[in-house]
There are 2 protein chains.
Amino acid sequence: MATSFAEENYLKIIYRLSESTLEDISTNAVAELTQTKAASVTDMLRKLAEKGWVNYQKYQGVRLTDEGEKIALSVVRKHRLWEVFLVDKMGFNWDEVHEIAEQLEHIESEALINKLDEFLDFPKTDPHGDPIPNKEGILPELSYMHLSDLKENKACVLMGVAKDSAVFLQLLTRLHLSLGAKLMVKEINPFDRSISVSINDSEPVFISHEVAKNILIKIV
Amino acid sequence: MATSFAEENYLKIIYRLSESTLEDISTNAVAELTQTKAASVTDMLRKLAEKGWVNYQKYQGVRLTDEGEKIALSVVRKHRLWEVFLVDKMGFNWDEVHEIAEQLEHIESEALINKLDEFLDFPKTDPHGDPIPNKEGILPELSYMHLSDLKENKACVLMGVAKDSAVFLQLLTRLHLSLGAKLMVKEINPFDRSISVSINDSEPVFISHEVAKNILIKIV
DNA sequence: AATATTTTTTAGTCAAGACTAAAAATTTAT
DNA sequence: ATAAATTTTTAGTCTTGACTAAAAAATATT
Ligand SMILES: [Mn+2]
Ligand SMILES: [Mn+2]
Ligand SMILES: [Mn+2]
Ligand SMILES: [Mn+2]
């Protein structure tokens with residue numbers, strides 16, 4: 001069955017919301033991310049349920065069916081592969097690619113996306129460190145910590161971000177915090193939980209707890 | 001002003017029809033290429049005229065305004081650049097790219113299309129030999145002959161096709177007729193105007209007039 | 001337990017872009 | 001110059017995906 005852009009966007013957003021909770025997803029949560037109103041979401045949820053892509057009961061929230069998740073994963077796969085393309089091949093910065101990928105993720109061609117995957121050398125993660133499902137829809141297992149949870153004087157590598165708004169990414173770039181950077185927390189201030197971090201062995205810089213919370217790392 | 005997919009498709013098709021005639025374009029001609037009905041076209045022509053992209057008077061046919069042509073050329077540019085990408089970088093055959101480019105041509109990002117242009121080394125023509133407008137909307141001048149108009153025993157090179165339906169392109173491929181092939185007409189049969197052509201100096205093969213008419217060449 | 005607040009759904013509208021059937025205008029043929 | 005055929009437009013309808021305002025259900029507060 002063919003899926004419209006709107007349907008794909010909804011499924012992807014329900015998927016993303018499901019990643020961080022086991023509970024059913026609320027109408028309002030979906031409305032916020034789709035940038036629509038709750039009433040519009042209710043309408044769409046009924047349609048998606050009708051097509052067998054979500055389980056939905058009035059007032060009970062929504063959850064993807066296996067088939068719905070499969071579609072969502074394929075959209076996520078396309079989104080993230082196109083992001084890799086935009087950064088690695090087109091030379092965009094990591095804060096510039098989201099909107100374009102938001103469009104490209106709806107291009108309908110299995111053949112194209114698999115050739116693109118190959119062209120990019122089967123990347124495991126996108127420019128924000130998010131995992132890319134393979135063509136079977138299997139996500140590589142990545143277990144990252146938040147920089148905010150790291151003890152002092154432990155070496156680690158920046159592996160991803162937990163938020164990909166342009167302003168956040170631009171801030172990181174200004175601080176020379178990019179994927180692969182070697183980090184070490186030098187000091188944790190109990191007052192506001194801000195930290196001072198050395199990036200690639202240079203002089204430590206200050207980072208708010210809010211920022212540290214959204215930086216994903218791997219201990220080396 | 002933002003342009004919808006539908007509007008872009010209409011403008012592109014009106015542009016394509018205008019290339020081969022100086023007359024105004026008829027409602028039916030547009031309907032045929034957009035795969036819609038004449039009534040739907042009439043509706044859309046009114047909207048396009050409203051936006052200042054076409055000149056349209058009831059029963060008089062339609063013609064692009066300068067602004068409309070600018071939009072059409074940008075869609076054509078995107079379509080053809082994506083086709084080059086699909087063939088040169090993704091490894092598709094020339095008969096497989098049209099539908100995908102039909103979608104990709106609507107991706108909205110000046111920055112992306114200009115980076116893509118550079119990535120592809122500023123190609124002058126697409127995989128079917130059609131000229132690619134530059135970012136200012138200027139088309140390179142290409143003056144090709146039809147193979148059907150060529151005299152016997154004149155060497156030439158296949159530069160493009162005047163039709164890009166998949167079946168036609170697949171036929172050419174089977175005959176080893178691809179862009180850049182060296183051709184020489186060995187014989188013209190007055191009966192049905194079919195010709196016998198040597199391709200890259202190999203044994204001549206027979207080609208119908210219909211096929212020869214749609215092969216574009218340059219004399220060497 | 002009753003009330004207030006928040007969330008979600010329903011009801012009614014709207015715009016875009018398609019359709020069919022019928023009417024009107026234009027073009028072609030006699 | 002009429003009549004016939006063709007093309008184009010109008011009128012009315014449908015689907016998708018949005019909206020607002022109001023009603024209903026669920027949740028939180030006293
Ligand atoms: Mn999207
Ligand atoms: Mn990403
Ligand atoms: Mn298109
Ligand atoms: Mn082409």
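- With 3.5 Å as the limit, one finds no donor-acceptor pair spanning the side chains of B:S178 and B:W94.
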Produce a footprint string for nucleotides 4-18 of chain C: one letter per nucleotide, 5' end first; B if the base is under 4.0 Å from any protein heavy atom, S if only the sugar-phosphate is, - if neither. ---SBBB-----SBS

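- Just one of A:Q103, A:E8, A:E105 meets the side chain to side chain donor-acceptor pair (under 3.5 Å) condition when paired with A:H79; it is A:E105.
- With B:R77 as the fixed residue, the side chain to side chain donor-acceptor pair (under 3.5 Å) test singles out one of B:N114, B:N134, B:D126: B:N114.
- Between B:E118 and B:K135 there is no salt bridge, since no side-chain nitrogen of the basic residue lies less than 4.0 Å from a carboxylate oxygen of the acidic one.
- At a cut-off of 3.5 Å, with distance as the only test, a side-chain donor of B:H106 or B:N9 sits close to an acceptor on the other residue.
- In this structure, A:E50 atom CD and D:dT16 atom C1' are separated by 15 Å, rounded to whole Å.
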